[in-house]
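Remember, predicted model here, so these are calculated numbers, not experimental data. Residue numbers count from 1 along this sequence.
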Amino acid sequence: MNAETPLFSDERAAADRPLPKSGILDITPYKPGKATADGIAHPVKLSGNENILGCSPKAREAYLGAVGELNVYPDGRGGPLRAAIAERYRIEPERIVLGCGTDEILHLINQVFLEPGDNIVQGQYAFGAYGIGARACQAEVRSAAEPNYRIDIDKMLELVDERTRLVFITNPANPTGTFTTKAELKRLHDALPPSVVLVIDAAYAEFCTEPTFTDGLEMARGAPNIIVTHTFSKLHGLAALRVGWAFAPTPIADAIDRIRPPFNVSVPGLAAAVEALADVEFQTVSRDHVLRWRPWLTQQLGGLGLSVTPSGANFVLVEFPKIPGKTAAEAEAFLASLGLIVRGVANYGLPGHLRITIGLEEHNRALAAALAEFLARPA
Ligand SMILES: Cc1ncc(COP(=O)(O)O)c(C=O)c1O
């Protein structure tokens, strides 16, 4: 994209049809994980990093209870949910912004900060939403190499210049599953000019129990240029309801609120999220399930000779051989033929890998057995 291209160029004015603004048609659309497998009525979906255990029964009840209010607009400020988040995380409610999923919040952050010709800095394998939103603002997307599938702070900093407005870190990252330590985040933040906002996307934070990990909230409390985002889609199992939130410095929260669609979180979404947050037992069971089966799957697939990136999230990234008959794409097709849908990540620049969400015990066992069969059969 040429950042110099004027928004309303002569070509656009002369066009015989409405043309999107410059750069929009250069954007590669987000590719969600597949949800169907040919010829299989009820496949197992391990492609979306959803909560395999479902959601809190209390959240489900709250969702059903909201059915009597379908004719009424939601509370545009999401008062009770913001209060519940504030209490749980001991943060100021006025610094919390709610979104129709983190996805919306990421778009809003880009819109608030980016002018044509500005840039964002992210990792090589960054979650696709950051770049899509930035490109829609006619900003440049700079991606720093991630040796060993980990964020490299120095490589990120090398890309920062006077037009950098936002630096995105996913912690733990999707699709790699790796995490950036507290010390690394602090070093990054300390080295950034105060005019640059560090966005820490903590969508999978609850699954990372390493002592050197942080979701960034502690750092963000006293910083004028850190935003942390969280979601109800992963640990809480409410992906269908689209509820995410950001903790931002007050002036940034205020700016985001000015362009936020006023009723962006639905009545059932708000009601269910409040109950989900209160249901600590469901959260513990969900996290413990991942903590039980993630090392198991890592070990089993490693035992088959596959390389599994150590993960702090509810999925693993698995590398396949480049040998014809044994590639990631062929493994994905083979698993799909058995009703196991996993995620090809070629669109993240990882054509040799698959991303696999931690499933129920029977899914994990079926997956390990299927991959053993796949690798053992003649190429
Ligand atoms: C890293 C990361 N951030 C944000 C999101 C989006 O979350 P939400 O469902 O809240 O929009 C996802 C979803 O997969 C994700 O992987």
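Of all non-hydrogen atoms in Asp201 and Ala203, the two that sit nearest each other are OD1-N, 3.1 Å. Residues Val267 and Pro74 approach most closely at CG2-CA, 3.5 Å, considering heavy atoms. For the pair Ala248 and Ala253, the tightest heavy-atom approach, listed with the atom from each and the gap, is CB-N, 4.0 Å. The two residues Ile358 and Asn364 make their nearest non-hydrogen contact at C-OD1, 3.9 Å. Minimum interatomic distance between Ile40 and Ser337 (heavy atoms only, all atoms of both residues): CD1-O, 3.5 Å. Across all their heavy atoms, Thr36 and Pro43 have their closest contact at CA-CG, 4.3 Å.
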Candidate pair His236 and Phe282, rule ring pair (Phe, Tyr, Trp, His ring centres under 6.0 Å), full reasoning: CA-CA 8 Å; His236 298 289; Phe282 180 78; 8.2 Å; no

Step-by-step side-chain contact (heavy atoms from CB on, under 4.5 Å) determination, Val97 to Arg82: CA-CA 8 Å; Val97 181; Arg82 286 195 311 130; over 6 Å; no

Verdict with reasoning, Arg135 to Glu140, per salt bridge (Lys or Arg N to Asp or Glu O under 4.0 Å): CA-CA 6 Å; Arg135 288 191 176 98; Glu140 183 195 344; over 6 Å; no

Derivation and outcome, salt bridge (Lys or Arg N to Asp or Glu O under 4.0 Å), residues Glu218 and Arg221: CA-CA 6 Å; Glu218 224 26 78; Arg221 273 179 219 281; 3.0 Å; yes

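Under the 3.5 Å distance criterion, the side-chain polar atoms of Gln124 are matched with a main-chain donor or acceptor of Glu146. Checked by atom type and distance alone, the side chain of Gln138 pairs as donor or acceptor with a backbone atom of Ser22 at under 3.5 Å. A donor-acceptor contact shorter than 3.5 Å links the side chain of Ser47 to the backbone of Lys34. Between the Ser56 side chain and the Lys58 main chain, a donor and an acceptor come within less than 3.5 Å of each other. With Glu373 contributing its side chain and Ala369 its backbone, the two residues share no donor-acceptor pair below 3.5 Å.
Ring geometry for Tyr125 versus Tyr149: interplanar angle of 30 to 60°, hence tilted. Taking the six-membered ring where tryptophan is involved, the planes of Tyr89 and Trp245 are tilted, since the angle between them lies from 30° to 60°.
Arg150 has a carboxylate O that lies under 4.0 Å from a charged side-chain N of Glu184, or vice versa, which qualifies the two as a salt bridge. A salt bridge links Asp190 to Lys186: one of the charged nitrogens lies within less than 4.0 Å of a carboxylate oxygen. Using a cut-off of 4.0 Å between Lys/Arg side-chain N and Asp/Glu carboxylate O, Glu50 and Lys234 are scored as not salt-bridged.
The salt bridge (Lys or Arg N to Asp or Glu O under 4.0 Å) contacts involving residues 258-270 comprise Asp254-Arg258, Asp257-Arg260, where partners must be two or more places apart or lie in separate chains. Screening residues 349-370 for salt bridge (Lys or Arg N to Asp or Glu O under 4.0 Å), with sequence neighbours left out, gives Glu361-Arg365. Each salt bridge (Lys or Arg N to Asp or Glu O under 4.0 Å) pair with one or both residues in residues 156-173, not counting sequence neighbours, appears once here: Asp118-Arg163, Asp118-Arg165, Arg142-Asp161.
By the side chain to side chain contact (heavy atoms under 4.5 Å, CB included) test, Ala126 pairs with Gln122, Tyr130, sequence neighbours left out. With sequence neighbours excluded, no residue satisfies side-chain hydrogen bond (donor to acceptor under 3.5 Å, both in side chains) with Lys326. In this view, Lys31 satisfies the side-chain hydrogen bond (donor to acceptor under 3.5 Å, both in side chains) rule with no residue, not counting sequence neighbours.
When only modelled atom types and interatomic distance are considered, Tyr204 and Asn314 share no side-chain donor-acceptor pair under 3.5 Å. Under the 3.5 Å distance criterion, with hydrogens and angles disregarded, a donor-acceptor pair is assigned to the side chains of Thr327 and Glu330. Side-chain contact of Glu281 with Thr284: a donor-acceptor pair under 3.5 Å is absent, judged by distance alone.
Other residues, nucleotides and ligands contribute over 12 non-hydrogen atoms within 6.0 Å of the CD atom of Glu94. Atom CG of Asp288 has more than 12 heavy atoms from other residues, nucleotides or ligands within 6.0 Å.
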